[in-house]
2 protein chains.
Amino acid sequence: MSLVEQARPIERRTLHDELVERMRGLVVEGALKPGEKIPERELCERFGVSRTPLREALKVLASDGLVQLTPNRGATVARLTVEDLEDVFPVMGALEALAGELACRNITDKKIAEIKGVHRKMVVCYEARNLPEYFQLNQKIHELILEAAGNRTLSTHYSSLAQRVRRARFMANMSDERWKQAVGEHEDIIAALESRNGEALAAILKSHLQNKFNSVRKWLIAQENGARNG
Amino acid sequence: MSLVEQARPIERRTLHDELVERMRGLVVEGALKPGEKIPERELCERFGVSRTPLREALKVLASDGLVQLTPNRGATVARLTVEDLEDVFPVMGALEALAGELACRNITDKKIAEIKGVHRKMVVCYEARNLPEYFQLNQKIHELILEAAGNRTLSTHYSSLAQRVRRARFMANMSDERWKQAVGEHEDIIAALESRNGEALAAILKSHLQNKFNSVRKWLIAQENGARNG
DNA sequence: ATTATGTATTTTGTATTCAAAATTCGATTA
DNA sequence: TAATCGAATTTTGAATACAAAATACATAAT
């Protein structure tokens, strides 16, 4: 290890930062389910920390829309309503479109190859009808595009929104036909990236998202009517 | 007061919420300047609160990009670098464009009249070369358009970005010619709103912002070179 | 005079304490 | 039996306490 590597500043993290990350994970991955009470005391015990940094983390997640705080009644995992979804998706669309344009300007061949690699793995998952893995890789591709866009602000805000709808996106099962279509759309995305056609990519990403939105919306409405928002 | 008004739930706020709002004000309005240390103890005294809720608020503002936290070294007001600006503006552009499209779909004549009213006042300020008032009213118009778009998520994210660049926007004095041009652009904005031409409005808003960006960028670079980032 | 070194002071991160509010639950009444 | 009340318990919001780290400052050494 060279001196510059060895002598770079030691990364230090506060409990607060660590807890924001971990609790975000619990919410986004669905270990804590929408509407559920967030058990402050229990989490403190499990993480081995006091209430102070845990509560700090809760405030941050609340400002991010993942947690709902009610005065004197503590924290619950935020529910996603149809209205929320209808607000969130257009914004994600606008951000993805921008990401597409920027990515086409900045992306390297290496990065495209990386995306293609993930895509191939994803196709395998599709063929095996392995939804969890497919979903994971799908997310990864979108993250890579955002990364290729090279705009931290864009990534941050996109990611904040993506996290809010992530669970619903996963739960809203695609029909087999829709699934096949989605894979096709991903191929179009890669083609547009390769030809660096920003406008085209923006349009494809937007309609890809619109399709997803439609199915998530249907699922959410069914959930709300069925009242069991598990 | 009718029963429904009288009997609605009593609004309760925690110190945390109050402090997020107040401290956000201090940063956005420039009472605390970029790079400045945030005097925790002093603020606690001035607000008459303990460190706990104040520090919670700081974490939230940090996650919002207004405050920078360095482990074991406390909080400073976030500096806006040219790189930050170059990331933030395109995202604001995409969000404003979306806002324009949505606003054209949803806006009422009443709201347009309201915007026109603010615009008229703004023109008076322009003629009097009253920048602070002009700036205020200018912001107000953009807020009203966002409001007209009727998308809370969009408003939240736009506003978060707008706050980060607000101070630089204000400090970057416009040339008189550019100022005149800006007023003209505002008239175009209103015309597009009245004709409900979403696409046109999106384009106008985007180029309006691009112009602003150019002048803010110049100013920021000058600041960075001059090293006195007052 | 400037640079190092060690010590006092302050600040910071986190844990603990405390009072107020909410919740639980058993006794009581309709 | 079901609804109502009230004390006991838990939870919540906020203040305080405390240890570790950073900073300021005084002294000593070059």
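None of the values given here were measured: they were computed from a predicted structure. Hydrogens, waters and symmetry mates are skipped; everything else that's a heavy atom, side chains included, is used. Protein chains get the first letters and strands the later ones, always in sequence-line order, with residue 1 at the start of each.
- Atom pair B/Arg51:CZ and D/dA17:C1' shows a separation of 11 Å (rounding to whole Å applied).
- Per the geometry, CG belonging to B/Asn72 stands 13 Å off P belonging to D/dA20, to the nearest Å.
- The aromatic rings of A/His119 and A/His186 lie parallel to each other, their planes meeting at an angle below 30°, with 60° marking the opposite boundary.
- Between the side chain of A/Arg12 and the base of C/dG13 there is no donor-acceptor pair of N/O atoms closer than 3.5 Å.
- Backbone-only engagement by A/Thr14 is indicated by non-hydrogen atom pairs under 4.0 Å involving sugar-phosphate atoms exclusively.
- Both B/Glu40 and A/Gly48 sit near DNA chain C, but only B/Glu40 has its closest nucleotide nearer the 5' end.
- Not a single donor-acceptor pair, N or O on each side, falls under 3.5 Å between the base of D/dA14 and the side chain of B/Ser50.
- Formation of a donor-acceptor pair under 3.5 Å by the A/Asn151 side chain with backbone atoms of A/Thr153 is found in this model.
- Applying the ring-ring contact (aromatic ring centres under 6.0 Å, His included) test to every pair with at least one member in residues 36-75 of chain B, sequence neighbours left out, gives no pairs at all.
- In the interface, the side chain of B/Arg73 is not paired with the base of C/dG13 through any donor and acceptor atom under 3.5 Å apart.
- At the phosphate of C/dT10, neither OP1 nor OP2 sits under 4.0 Å from any side-chain N or O atom of B/Lys37.
- Comment: A/Glu96 does not engage A/Lys206 in a salt bridge, judged by the lack of any side-chain N to carboxylate O separation of less than 4.0 angstrom.
- Summarising the geometry, the separation between CG on B/Leu15 and C1' on C/dA20 is reported as 13 Å, rounded to the nearest angstrom.
- In this structure, CG of A/Leu43 is placed 13 Å from P of D/dT11, rounded to the nearest angstrom.
- When rounded to the nearest whole Å, the span between CZ of A/Arg41 and P of C/dT16 equals 15 Å.
- In this structure, CG of B/Leu54 is placed 14 Å from P of C/dT11, rounded to the nearest angstrom.
- Considering B/Leu58, B/Val67, B/Leu66, B/Val60 as possible partners of B/Met23, the one that fulfils the side chain to side chain contact (heavy atoms under 4.5 Å, CB included) test is B/Leu58.
- The CZ atom of B/Arg13 sits 11 Å away from the P atom of D/dA14 (whole-angstrom rounding).
- Rounding to whole angstrom units, CD of residue B/Glu18 and P of D/dA14 are separated by 11 Å.
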